[in-house]
Amino acid sequence: EAGASAAAASQSKPQDINHLEPRRDSVGPRPARFAWTAVPNAGTYSLNIWTEVDTKVVEQHGLTTTTAPWPEGLEVPLGTYFWAVVAVRDGRPIAESGLSAFVITE
């Protein structure tokens, strides 16, 4: 019984998503894409990008892979940005990445 409750607890515990590309606190050219670790049982992912003054510049929902190209046509000035990913199953978040900064310098 103790083993069963421990297994149930581990399944209900929120999982973490790790940022792969761009790496946390990366500095350089605008990233060509975003990549993150997969979450078992995730149906879709949502990608959000903000400026350093907390203005959301990207909100993509329904992503079915763990990568997304830089949004076509999105032009942003040089500076610091933050990105985060949420894994979704049945319309509810099941894991989050937290914020990761990247700096576009060229």
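Predicted, not measured: the structure shown is a model, and the values here were computed from it.
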### Message
Test side chain to side chain contact (heavy atoms under 4.5 Å, CB included) on Asn48 and Trp83; report intermediate values, then the result.
### Response
CA-CA 6 Å; Asn48 296 288; Trp83 70 290; over 6 Å; no

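Considering only residues two or more places apart in sequence or on other chains, Tyr45 meets the ring-ring contact (aromatic ring centres under 6.0 Å, His included) condition with Trp36. Residues satisfying the side-chain hydrogen bond (donor to acceptor under 3.5 Å, both in side chains) test with Ser46, not counting sequence neighbours, are His61. Taking the side-chain contact (heavy atoms from CB on, under 4.5 Å) definition, one finds that Thr65 meets it with Thr67, sequence neighbours left out. Not counting sequence neighbours, the partners of Pro71 by the side-chain contact (heavy atoms from CB on, under 4.5 Å) test are Val58, Gln60, Leu74. Residues satisfying the side-chain contact (heavy atoms from CB on, under 4.5 Å) criterion with Thr105, sequence neighbours excluded, are Val27, Val103.
Pro77 has its side chain out of reach of Ile104: every pair of non-hydrogen atoms, C-beta onward, lies at least 4.5 Å apart.
In this structure, Phe82 shares a hydrophobic cluster with Trp50, Leu99, the cluster being traced through Ile, Leu, Val, Met, Phe, Trp and Tyr side chains under 4.5 angstrom apart.
Residues Ala42 and Ala87 come closest through the heavy atom pair CB-CB, 3.9 Å. Looking at every heavy atom in both residues, Val86 comes nearest to Pro93 through CG1-CB, 3.6 Å. Ala95 approaches Val39 most closely through the heavy-atom pair CB-CG2, 3.9 Å. Smallest separation of non-hydrogen atoms from Leu47 and Ala68: CD2-CB, 4.0 Å.
Residues in residues 47-71 take part in these salt bridge (charged side-chain N to carboxylate O under 4.0 Å, His left out) pairs, two or more places apart or across chains: Lys56-Glu59. Sorted by first and then second residue, the pairs that involve residues 22-49 and meet salt bridge (charged side-chain N to carboxylate O under 4.0 Å, His left out), not counting sequence neighbours, are Glu21-Arg33. Applying the salt bridge (charged side-chain N to carboxylate O under 4.0 Å, His left out) test to residues at least two apart or on different chains, none of the pairs has a partner in residues 62-71.
Rounding to the nearest 0.5 Å gives a distance of 13.5 Å between OG1 of Thr55 and CD1 of Ile49.
Both Leu78 and Phe102 are part of a single hydrophobic cluster, where members link through side-chain heavy atoms under 4.5 Å apart. The cluster map of Ile, Leu, Val, Met, Phe, Trp and Tyr, joined by side-chain heavy atoms under 4.5 Å apart, puts Leu63 and Ile17 in the same cluster.
A donor-acceptor pair is defined here as one N or O able to donate and one able to accept, closer than 3.5 Å; no such pair exists between the side chain of His19 and the backbone of Val85.
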